[in-house]
Amino acid sequence: MPTADELLSADTVTTLARLLARAGGRRSAPALTARAAALDGLTYSGRVAAIRDAVLADLPEDWPGFEAVVRTALAEPAFEGWMTFPVNEAVAVRGLVVFEPGLELLRDLTPRLTAESAVRPFLRADPGRALAVVRTWTEDPDPHVRRLASEGTRPRLPWAPQLPAFVADPRPALPVLDALHRDPSEYVRRSVSNHLNDISRDHPALAVGTAARWLAEPVGTTDRVVRHGLRTLIKAGRPEALTLLGHAPDVPVGVRGPVVTTPRVAVGEYLVFDYAVTNTGELPAELVIDYVVHHTKANGTRTPKVFKLVTRALAPGETLSGTRRHSFKPITTRRYHSGEHLVQLQVNGRVRGEAVFSLDAG
């Protein structure tokens with residue numbers, strides 16, 4: 001991951017100050033210039049907020065004057081990349097009062113660097129009014145704008161505030177996804193998949209039903225969009241999602257393993273296990289094979305986490321076998337605890353075998 005200084009450095013802010021000053025017909029942008037010299041110690045989000053506030057201080061307070069400066073800056077090829085992110089956030093503050101013109105300015109800014117976070121205050125303030133604008137973006141010739149329609153309306157967009165109304169009821173934004181799930185751009189379709197996955201976390205039946213509608217009239221890219229969009233449900237072994245994608249939970253298979261070859265593992269080492277899955281039926285079988293590691297917590301209970309192994313079609317009598325190395329390298333998002341852990345093999349959402357191993361957390 002790039003550091004905060006790599007994304008929004010003093011040089012970047014100095015360049016932004018120069019561009020906005022020139023766009024406003026001024027010699028300098030004093031608040032931005034001062035902020036460029038006072039970024040040390042600020043996180044990325046802290047830098048965005050501080051630079052946003054400096055933009056608001058340097059640019060006109062009235063919307064027409066503010067918009068004119070930003071649009072003039074847009075004529076500059078150098079006005080691009082991460083320097084535009086705080087400008088987008090400033091548009092979200094100043095443009096919320098005029099609403100539709102603020103959204104349209106974000107539409108024009110998003111090709112320079114996505115405005116997905118900046119549209120969210122509009123969606124929180126008045127979802128219906130904002131969606132009326134956002135839906136028009138699904139027909140825009142620029143894929144960055146079309147993606148903004150999907151990404152900006154995601155209920156649980158990472159690194160951005162959630163949209164509580166859409167977490168509670170994502171249906172108002174479904175017309176956006178319906179318009180874009182066949183988009184010619186993979187960049188746009190990927191966002192549609194991620195949006196559908198967000199929905200699946202809170203409304204699995206709605207996500208599966210939406211995917212089923214798309215699969216009823218598929219194009220060449222539909223299967224991939226749906227599989228990625230239902231990935232959380234697939235990993236969780238939800239039968240309705242597995243069945244929709246042709247992975248019958250009761251598929252006849254024979255399973256050997258997981259056979260653990262490292263019964264004692266220290267943090268920093270690998271759990272290693274072998275596995276084999278055989279199609280024992282008389283028809284080809286579409287298999288989603290995962291493994292589940294149950295991590296032991298400090299209080300002795302366990303929490304499961306599903307990891308993907310392979311998705312394969314097996315002919316009758318065919319066997320798929322392999323060896324998996326699972327890293328217990330220290331990571332910031334998980335704290336390991338010593339004790340007996342469990343690993344399971346999961347085929348089409350059903351646990352088919354398990355084994356224990358010991359972890360030494362030091």
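Keep in mind that this is a model prediction, so the values were computed, not measured.
The closest donor-acceptor contact from the side chain of Arg135 to the backbone of Val176 lies at 3.5 Å or more, if one exists at all. The backbone N or O of Asp183 lies less than 3.5 Å from a partner atom in the side chain of Arg189, making a donor-acceptor pair. Proximity of a side-chain donor or acceptor of Arg47 to a complementary backbone N or O of Leu42 within less than 3.5 Å is detected. Judged by distance alone, the side chain of Arg146 and the main-chain N or O of Asp140 form a donor-acceptor pair under 3.5 Å. At distances below 3.5 Å, not a single donor-acceptor pair connects side-chain atoms of Ser9 with backbone N or O atoms of Glu6. Under the 3.5 Å distance criterion, the side-chain polar atoms of Thr84 are left unmatched by any main-chain donor or acceptor of Glu80. Formation of a donor-acceptor pair under 3.5 Å by the Thr110 side chain with backbone atoms of Arg107 is not found in this model. With Thr33 contributing its side chain and Ala29 its backbone, the two residues share a donor-acceptor pair below 3.5 Å. A donor-acceptor pair under 3.5 Å links the side-chain atoms of Thr261 to the main chain of Val272, judged by distance alone. Checking side-chain atoms of Arg112 against main-chain N and O of Leu74 turns up a donor-acceptor pair under 3.5 Å.
A salt bridge links Glu340 to Arg302: one of the charged nitrogens lies within less than 4.0 Å of a carboxylate oxygen. Remark: Asp274 does not engage Arg256 in a salt bridge, criterion side-chain N to carboxylate O under 4.0 Å. Between Glu116 and Arg147 there is a salt bridge, since at least one side-chain N of the basic residue sits less than 4.0 Å from a carboxylate O of the acidic one. A salt bridge between Asp290 and Lys235 is absent, with no side-chain N of the basic residue lying under 4.0 Å from a carboxylate O of the acidic one.
Environment of CZ in Arg335: sparse, with no more than 12 heavy atoms of neighbouring residues, nucleotides or ligands closer than 6.0 Å. Atom NZ of Lys297 has 12 or fewer neighbouring heavy atoms from other residues, nucleotides or ligands inside a 6.0 Å radius. Atom CZ of Arg71 sits in a crowded spot, with more than 12 heavy atoms from other residues, nucleotides or ligands closer than 6.0 Å. Under a cut-off of 6.0 angstrom, the local environment of CD in Glu139 is sparse, with at most 12 non-hydrogen atoms contributed by other residues, nucleotides or ligands.
Using a 4.5 Å heavy-atom threshold, the side chains of Asp198 and Phe166 count as separate. Looking at Arg350 and Asp250, their side chains come closer than 4.5 Å, going by heavy atoms from C-beta outward. Residues Arg124 and Pro161 form a side-chain contact, since some pair of their non-hydrogen atoms from C-beta on lies under 4.5 Å apart. When side chains are defined from C-beta on, Val292 does not count as touching Glu354, because their heavy atoms never get closer than 4.5 Å. Between Leu20 and Asp58 there is no side-chain heavy-atom pair separated by less than 4.5 Å. For the pair Leu359/Thr296, no side-chain contact is recorded, criterion being any heavy-atom separation below 4.5 Å from C-beta on. Here the side chains of Glu282 and Pro316 are not in contact, with every heavy-atom distance at 4.5 Å or above. Counting heavy atoms from C-beta outward, Glu269 and Thr262 have side chains that stay 4.5 Å or more apart.
If you take CZ on Arg334 and NE2 on His295, they are separated by 4.0 Å, rounding to the nearest 0.5 Å. Note that the NE2 atom of His195 and the OG atom of Ser200 stand 11.0 Å from one another [nearest 0.5 Å]. In this structure, CG on Leu32 lies 7.5 Å from CD1 on Ile51, to the nearest 0.5 angstrom. Interatomic distance, CZ of Arg312 versus CG of Asn279, reported as 11.0 Å (0.5 Å rounding). Remark: Phe85 CZ to Leu113 CG distance equals 6.5 Å, nearest 0.5 Å. The CG atom of Leu180 sits 12.0 Å away from the CZ atom of Arg182 when rounded to the nearest 0.5 Å.
Linking Ile, Leu, Val, Met, Phe, Trp and Tyr whenever their side-chain heavy atoms come within less than 4.5 Å leaves Val277 and Val351 in two separate clusters. If you chain together hydrophobic residues whose side chains sit under 4.5 Å apart, Val288 and Val293 never meet in one group. Leu105 and Leu131 fall within a single hydrophobic cluster, where Ile, Leu, Val, Met, Phe, Trp and Tyr are joined by side-chain heavy atoms under 4.5 Å apart, directly or via other members. Cluster annotation: Val265 is connected to Phe307 through the hydrophobic network of ILVMFWY side chains, with a link wherever side-chain heavy atoms come within less than 4.5 Å. The cluster map of Ile, Leu, Val, Met, Phe, Trp and Tyr, joined by side-chain heavy atoms under 4.5 Å apart, puts Leu244 and Val347 in different clusters.
Ala241 and Leu233 get closest at one heavy-atom pair: CB-CB, 3.8 Å. Shortest non-hydrogen contact noted between Leu287 and His247 is N-ND1, 3.9 Å. The two residues Leu271 and Phe328 make their nearest non-hydrogen contact at CB-CE1, 3.8 Å. Residue Ala355 comes nearest to Leu342 through the heavy atom pair O-CD1, 3.3 Å, listed as atom of the first residue, atom of the second, then distance. Nearest approach of Thr323 to Tyr275, heavy atoms of both residues: N-CE2, 4.0 Å. Across all their heavy atoms, Arg120 and Pro155 have their closest contact at NH2-O, 3.5 Å.
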Any chance you could lay out the side chain to side chain contact (heavy atoms under 4.5 Å, CB included) test for Leu103 and Trp137, step after step, and finish with the verdict?
CA-CA 10 Å; Leu103 282 169; Trp137 296 347; 4.1 Å; yes
Show your reasoning for whether side chain to side chain contact (heavy atoms under 4.5 Å, CB included) applies to Asn348 and Glu286.
CA-CA 9 Å; Asn348 287 7; Glu286 297 285 341; 5.9 Å; no
Go through it in stages, so that I can follow the logic: the residues are His144 and Tyr187, the test is side chain to side chain contact (heavy atoms under 4.5 Å, CB included), and I'd like the CA-CA distance, side-chain angles, deciding distance and then a yes or no.
CA-CA 8 Å; His144 294 90; Tyr187 181 56; 3.8 Å; yes
Could you walk me through whether Trp82 and Val48 pass the side chain to side chain contact (heavy atoms under 4.5 Å, CB included) check?
CA-CA 10 Å; Trp82 290 102; Val48 170; over 6 Å; no
What do the steps show when you test Glu100 against Arg129 for salt bridge (Lys or Arg N to Asp or Glu O under 4.0 Å), and what is the final call?
CA-CA 8 Å; Glu100 286 85 358; Arg129 189 177 175 186; 2.8 Å; yes
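In the model, Thr301 has a side-chain atom that pairs as donor or acceptor with a side-chain atom of Asn299 under 3.5 Å. No side-chain donor from either of Thr12 and Thr15 sits under 3.5 Å from a side-chain acceptor of the other. A side-chain donor from one of Thr43 and Ser45 sits under 3.5 Å from a side-chain acceptor of the other.
His228 pairs in a side-chain hydrogen bond (donor to acceptor under 3.5 Å, both in side chains) with only one of the listed residues (Asp223, Asn197, Asn194), which is Asn194. Of the candidates Leu196, Leu215, Leu177, Thr210 forms a side-chain contact (heavy atoms from CB on, under 4.5 Å) with just one, namely Leu196. Under the ring-ring contact (aromatic ring centres under 6.0 Å, His included) test applied with Phe357, the options His341, His294, His326 reduce to a single match, His341.
Ring pair Phe273/Tyr291: centre-to-centre distance below 6.0 Å.
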